[in-house]
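Input: a single structure, listed below in structure tokens.
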Amino acid sequence: MTTGSKPKIILDCDPGVDDAIAIITACRWTEIVGITSVSGNVPVEHTTSNALKMKKLLNIEAPIHSGASRPITSEPFHASHVHGQTGLGNTDLPEPDGLADSDDAVGFILEKTREEEGIHLIPIGPLTNIALAIKADPSLVNRVASITLMGGGAGIGNVTSAAEFNIFADPEAADLVFRSGAQLNMLGLNLTHQVLMGSVHADYCYALDTPVGKTAGDLLNFNGRTHGTEKGANVGAMHDPCAVLAVSHPDLFISKHRSVVVELEGSHTRGQTLVDEREWVDTEKNCNVYYEVDSEKVIELILQAVSEVDPSG
Ligand code: RIB
Ligand code: CA
């Protein structure tokens, strides 16, 4: 990426309240060359429809390709209790104008990264599409600039005390990705729980008096209620935009090269991203684990995206 130009990304997502905020953030700070949807927070029919609704709201030119309707081996696992029955909280966006450009997210990821090297893959849902793409063509990991994912956590989970949702929903997919040799950047809960947004940020968005501001306000209010990490406070972790901003604004983050494995067997720990913090042990480091973030600046950039994204093109 030359200085001043925006990084090219493919956003693989399961909208999802925070995924929707990530799409707004990506519109402003990156060049989205494609969006792929995956079963996750809600079934893929809804995640795809929600991505299309955001495409319409933001007048996104990039194509949307729907992907995996279920994990590689385990049963589908959703989080409608966190994101609402259809996945976008209580927003009232109009139905999409059309269908996705295809139902072959994997084919799109492989074809686009062959056409153009140096694209960042940014998965912010379960890693099913990414794993299936790597399985189909392992050389994918050498063509992309990075796989920068929201998922996992160093010593913290949310579905269980050990496992974070995106990994827990498809641990076999995550295991394949973490063993792929990709330039892997992991923004886990230990990082994203430092970025808290809720009603005060929603009020800023509503005051913009724009369709994007209204939708962002609704999403942030809903996020504050359902992603609440501080009981009673109407603020919640804003997970997914962190992965986008780690690519567009890397200087706002601090990461360390670590060995990370995905637990598949543990009766209490299945889906855990086990991070080896033993810096004195010579292990194969397969991932940059993110630990620190300039939360204030990240929140500022998310709100700037809401205020500056111009759907009129
Ligand atoms: O654990 C948080 C992650 O799971 C976020 O990506 C959220 O959208 C859900 O998919
Ligand atoms: Ca997500």
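Both ligands and their constituent atoms are indexed starting at 1 by order of listing. Bear in mind the structure is a predicted one, so any value in this text is a computation, not a measurement.
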Do E308 and R28 sit within salt-bridge range, that is, some charged N less than 4.0 Å from a carboxylate O? yes
How would you list, by chain and number, every residue that makes a salt bridge (charged side-chain N to carboxylate O under 4.0 Å, His left out) with D92, sequence neighbours excluded? K214
Could you list the atoms of ligand 1 found under 4.0 angstrom from a heavy atom of F165? 1 (O), 4 (O), 9 (C), 10 (O)
Hey, is D19 touching ligand 1 through its side chain, its backbone, both or neither, going by heavy atoms under 4.0 Å? side chain
For atom 4 (O) of ligand 1, which candidate among N166, I124, D14, V159 holds the nearest heavy atom? N166
For residues T148 and H120, is any side-chain donor paired with an opposing acceptor at under 3.5 Å? no
Under the ring-ring contact (aromatic ring centres under 6.0 Å, His included) rule, collect the residues that match up with F77, sequence neighbours excluded. F165, F168
Count up the protein N, O or S atoms sitting under 3.0 Å from the Ca ion (ligand 2), would you? 5
Part of D18 within contact of ligand 1 (heavy atoms, under 4.0 Å): side chain
One thing to verify: whether D170 and R70 come together as a salt bridge, which I'm taking to mean a side-chain N less than 4.0 angstrom from a carboxylate O. no
Are Q85 and S80 close enough that some pair of their side-chain heavy atoms sits under 4.5 Å apart? yes
Considering residues at least two apart in sequence or located in another chain, which fulfil the side chain to side chain contact (heavy atoms under 4.5 Å, CB included) criterion with P171? S74, V262, L264, R270
